[in-house]
Amino acid sequence: MDLSVVVVNWRGGHHLASLLESLRPLADELYETLVIDNASGEQEPRVLAELPRSRWIASSENLGFAGGANLAADLVAAPFFLLLNPDVQLTAGSVRGLYQAMRNLRRAAVVCGPLVGEDGRPQSFQLRPLPTPGNVLRECLLGRAAGPDPPSGESPLAVEQPAAACWLVRKEAWLEVGGMDPRFHPAWFEDVDFCLRVRQAGWKLYYLPNCPIRHQGAASLESLGRTRFLSIYYGNLLRYLRKHHPRAAPWLWLPVQLGKLARMAGLGRLRRSG
């Protein structure tokens with residue numbers, strides 16, 4: 001496969017080692033494996049050195065998920081790359097299925113499969129509509145309503161903004177829109193912003209129900225702590241609104257703050273990614 005693997009790591013620890021172990025059955029098929037370490041202070045896992053055509057790229061500063069992904073995208077030699085969080089585990093069948101779908105879907109910028117938890121069930125936060133002033137207001141003031149069950153079947157489905165824990169990306173589309181916006185630092189909403197911009201450029205994002213990816217979830221939340229995580233998450237939500245809905249953003253500042261306070265008090269649920 002002309003497919004590179006990119007992992008953006010920040011304190012991935014044992015999650016990263018498990019992910020790299022899951023790549024072993026694919027080692028001879030992959031073009032290369034790159035790990036961008038965002039100044040986490042961790043050492044290169046032994047298993048990475050055992051994978052062919054692998055590199056550990058240590059940044060002297062935390063570039064954030066977007067900055068790390070942009071750096072990796074500039075380095076990968078293949079026309080397609082898997083962009084991964086450290087807390088996923090892959091199966092050869094799912095990777096091959098995503099790759100084949102990407103080759104068949106000429107205007108696909110991203111293809112992904114269902115993120116599943118330890119119980120094998122799809123994680124409900126993965127597929128969401130792009131934020132609008134209306135749905136942001138409703139979620140911040142009323143809480144997020146339970147969404148529909150993730151779709152099933154075998155056919156690829158066009159979606160708006162799948163969470164970026166595991167994306168198979170077409171490098172041509174990535175470069176056309178300039179990659180991810182590193183101002184969404186260190187994480188959250190850089191993937192949402194990318195999805196909007198790539199759709200505006202005429203590309204599509206697809207979800208393959210029959211290509212599951214194991215996802216631990218909330219790894220960054222564990223490292224940052226709940227209060228810091230919520231401050232970053234809602235701060236980047238406001239950044240997204242200022243960028244894409246500048247007229248509505250000032251009016252949404254207070255509802256967003258109220259939503260953050262409610263979740264700090266444990267009164268709501270958040271998308272668990274990263």
Side-chain angles (χ1 to χ4, degrees), residues 15 18-19 22 65 82-91 94-95 97-98 101 110-168 184 187-196 199 204-224 226 229-230 232-234 236-237 240-241 255-256 258-260 262-274:
H15 295 302
S18 296
L19 164 59
S22 76
F65 185 80
L82 270 172
L83 177 60
L84 305 172
N85 280 355
D87 60 344
V88 300
Q89 294 180 37
L90 306 174
T91 64
S94 288
V95 172
L98 294 174
V110 170
V111 296
C112 65
L115 302 176
V116 300
E118 294 181 357
D119 58 2
R121 297 178 61 184
Q123 296 172 330
S124 61
F125 64 78
Q126 182 185 6
L127 300 179
R128 302 188 64 181
L130 288 162
T132 65
N135 62 31
V136 168
L137 183 64
R138 286 192 298 273
E139 181 168 334
C140 287
L141 295 184
L142 302 177
R144 180 184 169 195
D149 291 335
S152 59
E154 297 184 1
S155 300
L157 302 171
V159 294
E160 289 192 16
Q161 59 116 344
C166 175
W167 281 359
L168 200 155
F184 292 94
W188 299 289
F189 287 93
E190 72 283 272
D191 54 345
V192 184
D193 170 74
F194 177 83
C195 289
L196 175 61
R199 282 163 54 89
K204 294 185 177 181
L205 305 100
Y206 287 94
Y207 174 87
L208 277 67
N210 61 343
C211 293
I213 305 295
R214 183 79 170 269
H215 181 229
Q216 174 68 30
S220 295
L221 175 57
E222 294 171 0
S223 297
L224 288 169
R226 182 175 176 83
F229 164 74
L230 288 169
I232 295 170
Y233 181 94
Y234 281 98
N236 278 344
L237 170 56
Y240 178 92
L241 293 170
V256 169
L258 292 174
K260 179 177 72 172
R263 283 153 182 79
M264 283 183 173
L267 301 179
R269 297 177 60 190
L270 271 177
R271 158 185 173 172
R272 294 176 60 220
S273 65

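Residues passing the side chain to side chain donor-acceptor pair (under 3.5 Å) test with Ser155, sequence neighbours excluded: none. In this view, Leu137 and Leu141, Leu252, Pro255 satisfy the side-chain contact (heavy atoms from CB on, under 4.5 Å) rule, not counting sequence neighbours. Legend: residues meeting side chain to side chain donor-acceptor pair (under 3.5 Å) with Lys260, ordered by chain and number and at least two apart, are Gln257. Looking at residues two or more places apart in sequence or on another chain, you find no side chain to side chain donor-acceptor pair (under 3.5 Å) involving Asn210. For Tyr207, the ring-ring contact (aromatic ring centres under 6.0 Å, His included) criterion is met by no residue, not counting sequence neighbours. Take Ser22 and apply the side-chain contact (heavy atoms from CB on, under 4.5 Å) test, not counting sequence neighbours, and it matches Leu19, Gln89, Leu90. Partners of Pro156 by side-chain contact (heavy atoms from CB on, under 4.5 Å), not counting sequence neighbours, listed by chain and number: Leu105, Tyr206, Leu208. Shown here are the side-chain contact (heavy atoms from CB on, under 4.5 Å) partners of Glu118, two or more places apart in sequence or in another chain: Arg214, Gln216.
Of all heavy-atom pairs between Asn135 and Pro129, the closest is ND2-CG, 4.3 Å. Between Val95 and Leu168, the closest heavy-atom pair is O-CD1, 4.5 Å. The two residues Pro151 and Leu127 come nearest to each other via the heavy atoms CD-CD1, 3.8 Å. Of all non-hydrogen atoms in Val159 and Arg199, the two that sit nearest each other are O-NH1, 3.6 Å. Here the shortest heavy-atom pairing between Gly153 and Pro209 reads O-CB, 3.3 Å. Summarising the geometry of Ala187 relative to Glu190, their closest heavy-atom pair is CA-OE1, 3.0 Å, with the distance given to 0.1 Å.
Between atom CD of residue Gln161 and atom CG of residue Leu196 there is a gap of 9.5 Å, rounded to the nearest 0.5 Å. Rounded to the nearest 0.5 Å, atoms CD (Glu139) and OG1 (Thr132) are 10.5 Å apart. Atom CZ of Arg128 sits about 11.5 Å away from atom CD of Glu160, to the nearest 0.5 Å. In this structure, CD1 on Ile213 lies 6.0 Å from OG1 on Thr91, to the nearest 0.5 angstrom. In this structure, the separation between CG on Asp193 and CG on Leu130 is 10.0 Å, given to the nearest 0.5 Å. To the nearest 0.5 Å, atom CD1 of residue Ile232 and atom CZ of residue Phe184 are 14.0 Å apart.
Between the side chain of Asp119 and the backbone N or O of Arg121, at least one donor-acceptor pair lies under 3.5 Å. When atom types are taken as modelled, the side chain of Asn236 and the backbone of Trp188 share a donor-acceptor pair closer than 3.5 angstrom.
For the side-chain contact (heavy atoms from CB on, under 4.5 Å) with Cys211, the lone residue among Cys166, Cys112, Ser94 that qualifies is Ser94.
Counting heavy atoms from C-beta outward, Phe65 and Asp191 have side chains that stay 4.5 Å or more apart. The closest side-chain heavy-atom distance from Pro114 to Ser152 is not below 4.5 Å.
Using a 30° and 60° split on the angle between ring planes, Phe189 and Tyr240 fall in the tilted class, from 30° to 60°.
Tyr233 and Arg263 share no side-chain donor-acceptor pair at under 3.5 Å.
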